[in-house]
Number of protein chains: 2
Amino acid sequence: MGITERKEREKKQMRRQIIQAAMTMFREEGYEKTSIRKIAEMIEYSPATIYLYYKDKDELLYEVQREAFDKLYKAFTTKANHPDPLTRLHQLCKTYVHFGIQHPELYDLMFIIRAPMNVLEEKHLWTNGHVVFHYLVDCLKECMDKKLLRYKDVMILALSVWSMGHGLVSLNLRCRFKVMEMNEEQISQAIDTSIEEYLRVIKA
Amino acid sequence: MGITERKEREKKQMRRQIIQAAMTMFREEGYEKTSIRKIAEMIEYSPATIYLYYKDKDELLYEVQREAFDKLYKAFTTKANHPDPLTRLHQLCKTYVHFGIQHPELYDLMFIIRAPMNVLEEKHLWTNGHVVFHYLVDCLKECMDKKLLRYKDVMILALSVWSMGHGLVSLNLRCRFKVMEMNEEQISQAIDTSIEEYLRVIKA
DNA sequence: AAATTTACTGAACGTTGTTCATTTTATTAA
DNA sequence: TTAATAAAATGAACAACGTTCAGTAAATTT
C-alpha cells in the first residue's frame, strides 16, 4: 500500500515545514514574540492546522531546541577538537561563548527560557543537552587525568566551567554589563579576557 | 493649602499600594504570569486606574526591580561585612547565590528578564545595579591591593566573579543542571562546592 | 448651588494560545 | 463512475492579555 507511505511522508514533510518556519521566526524575533498565527501565515496554513501536527507551542520549542543543541554540538566537534585537552578546553569555551553571542535567540531557547518541567525532566534534555554537556565533561576528564587542572572532582569542574561561560553570555545578552561603564567593544574584549584569565587560574 | 499636600500624599500612597501588590504577585507568580488586571483586582481598583499612576507594566517592573536591588544590597551589607576582604568576598558570593535561590522571581526580575533598553540605558540600572555591583568591586579592590588574588585587572575579576555566581544561580533556576544526574540536594551541594573551589583557585 | 477640576471606570481594540464544529479534500466501496 | 467513508484543513469562537479613551462619579473651587 503506497498511499499510507506517501501520507506518512507528507506528514513528516509538514512537520518539517512547521519547524523550519518556527526556527526561522524564533531566531529572528525570539520565542515569545513569535505567534502560532504568524508561523501559520508563513507556511500558508490556518493556525489550527499546526495543532494537528504539534500539541502546543512548547512542542515547537522542544523541536527547535533539539536542533539548536545539534548546532552547538557540531560547533564543538568542528571548532574544539584539538588533540591537546587543554587547548581543546580553550577552544570549547571560546566556541560556547561565541555561539551564544552569534545566536542570541537560540541561546535563549536553550539555556534561558523557562522550560515546562514535565518534558524537561524526561527524555528531552537527556538527548539534547546531555551529548553537548558530556563533550565538555570528556574534555575536562582528559585534562584531569593528565593533572593539568587544579580540580579533584570533574563534575564540580564541569559545573563551574559551564556556569562561568553561561554567566558571561547570558548577562551580556541581557545587557546587564551596562552597569560597568564600557562600550560594546570593551565588553566583548572583557568577556574574552575573562575566559583567558579563568583558564589561567584553573591550570595546574 | 493643605489639600494639595493631602492629595500628593494620597497619590504617593496609591503608587505605593500598586507597587506593593505588584511586588507580592511578582514574587508569587513571576512577572509574566502577573497581569495588570490581577494587580488591579488585588487593590480593588479598575485596571485602567493603574495607568493613571504608572505608564505601563514595564514601569512596575522597574520599581519592583529597584526594591529588589535594595534588598540584595541590604543582604550584602548585613551578611558580607567581614573586615578581612577575602572572607568578605566569600560571604559575598554565598550571599549572592543564596539570594538567587531564596528569591527566584526577584532574581529573575533583576538579572534574567529582558529589560527594554530605553530605560535600562539611562539612570535606571545606574542607581540600582551600580551600588550593588560596586560593593563587589570595592571588596575585590581591597583583595587585590593586598595581593590576595591572582588577578591584575579588577574589572575583569568583577566580571568573572559575577558571571560565575550568575551562571550558577540562573542555570539552577532554569533547571538546566538536570542534565547532570543529580537530585536537588546534590545540586545545591555542588553549587556550594563550586564557589569554594572557584575562590580557592583565584586565591594567590 | 453651580461650575470646574480631579479621580475613576466600563467598554473596547488588537493581540495571544488553543479548541471544535463544520467544511473541504482524498480514499475506498459499490 | 458514483456513493460512502475517512482524513485533512479551517473559520469562528473562547478566555486572557496590555492598553486606550470616552464618559461617569467624586471632590474642590467659585
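Naming convention: chains lettered A, B, ... in sequence-line order (proteins, then strands); numbering from 1 in each chain.
Atom-to-atom, CD of A/Glu10 to C1' of C/dT27 comes out at 12 Å; the value is rounded to the nearest Å. In this structure, B/Ile39 atom CD1 and D/dT19 atom C1' are separated by 14 Å, rounded to whole Å. A straight line from CD1 of B/Ile36 to P of C/dT9 spans 15 Å, rounded to a whole angstrom. Atom C1' of nucleotide D/dA8 and atom CZ of A/Arg15 are separated by 16 Å, given to the nearest angstrom. In this structure, A/Tyr51 atom OH and D/dG11 atom C1' are separated by 15 Å, rounded to whole Å. Note: CD (B/Glu41) to P (C/dT9) measures 13 Å, nearest angstrom. If you measure from atom CG of B/Asp58 to atom C1' of D/dG18, you get 11 Å, rounded to the nearest angstrom. Atom CD in A/Glu59 sits roughly 15 Å away from atom P in C/dG17 (whole-Å rounding).
Listed by chain and residue number, B/Tyr135 satisfy the ring-ring contact (aromatic ring centres under 6.0 Å, His included) test with B/Phe76 (two or more places apart in sequence, or in another chain).
Here the side chain of A/Lys7 is nearest to one of D/dA9, C/dG17, C/dA26, namely C/dA26. Listed nucleotides C/dA12, C/dC8, D/dT28 differ in distance to B/Arg6; the shortest reach to its side chain belongs to D/dT28. Closest approach to the B/Arg37 side chain among D/dC17, C/dT9, C/dT18 is made by D/dC17 (side chain taken as heavy atoms from C-beta onward). Distances were taken from every side-chain heavy atom of B/Thr49 (C-beta onward) to each of C/dT9, D/dC17, C/dT18; the shortest belongs to C/dT9. Listed candidates were D/dA8, C/dT16, C/dT18. Nearest to the side chain of A/Tyr53 is D/dA8.
Enclosure of atom CD in B/Glu10 by more than 12 non-hydrogen atoms of other residues, nucleotides or ligands within 6.0 angstrom is indicated.
For D/dC17, the OP1/OP2 oxygens have a side-chain nitrogen or oxygen of B/Lys38 closer than 4.0 Å. Phosphate contact (OP1/OP2 of C/dC8, side-chain N/O of B/Tyr45, threshold under 4.0 Å): present.
Just one residue in the list A/Ile18, A/Ile19, A/Leu60 forms a side-chain contact (heavy atoms from CB on, under 4.5 Å) with A/Tyr53, and that residue is A/Ile18.
Using a 30° and 60° split on the angle between ring planes, A/Phe111 and A/Trp162 fall in the perpendicular class, above 60°.
Comparing B/Lys11 and B/Ala48 by the nucleotide of DNA chain C that holds the closest heavy atom to each, the one mapping nearer the 5' end is B/Lys11. When each of B/Ser46 and A/Lys33 is assigned the nucleotide of DNA chain C with its nearest heavy atom, B/Ser46 is the one assigned upstream, toward the 5' end.
Atom CG of A/Leu72 is separated from atom OH of A/Tyr96 by 7.5 Å, given to the nearest 0.5 angstrom.
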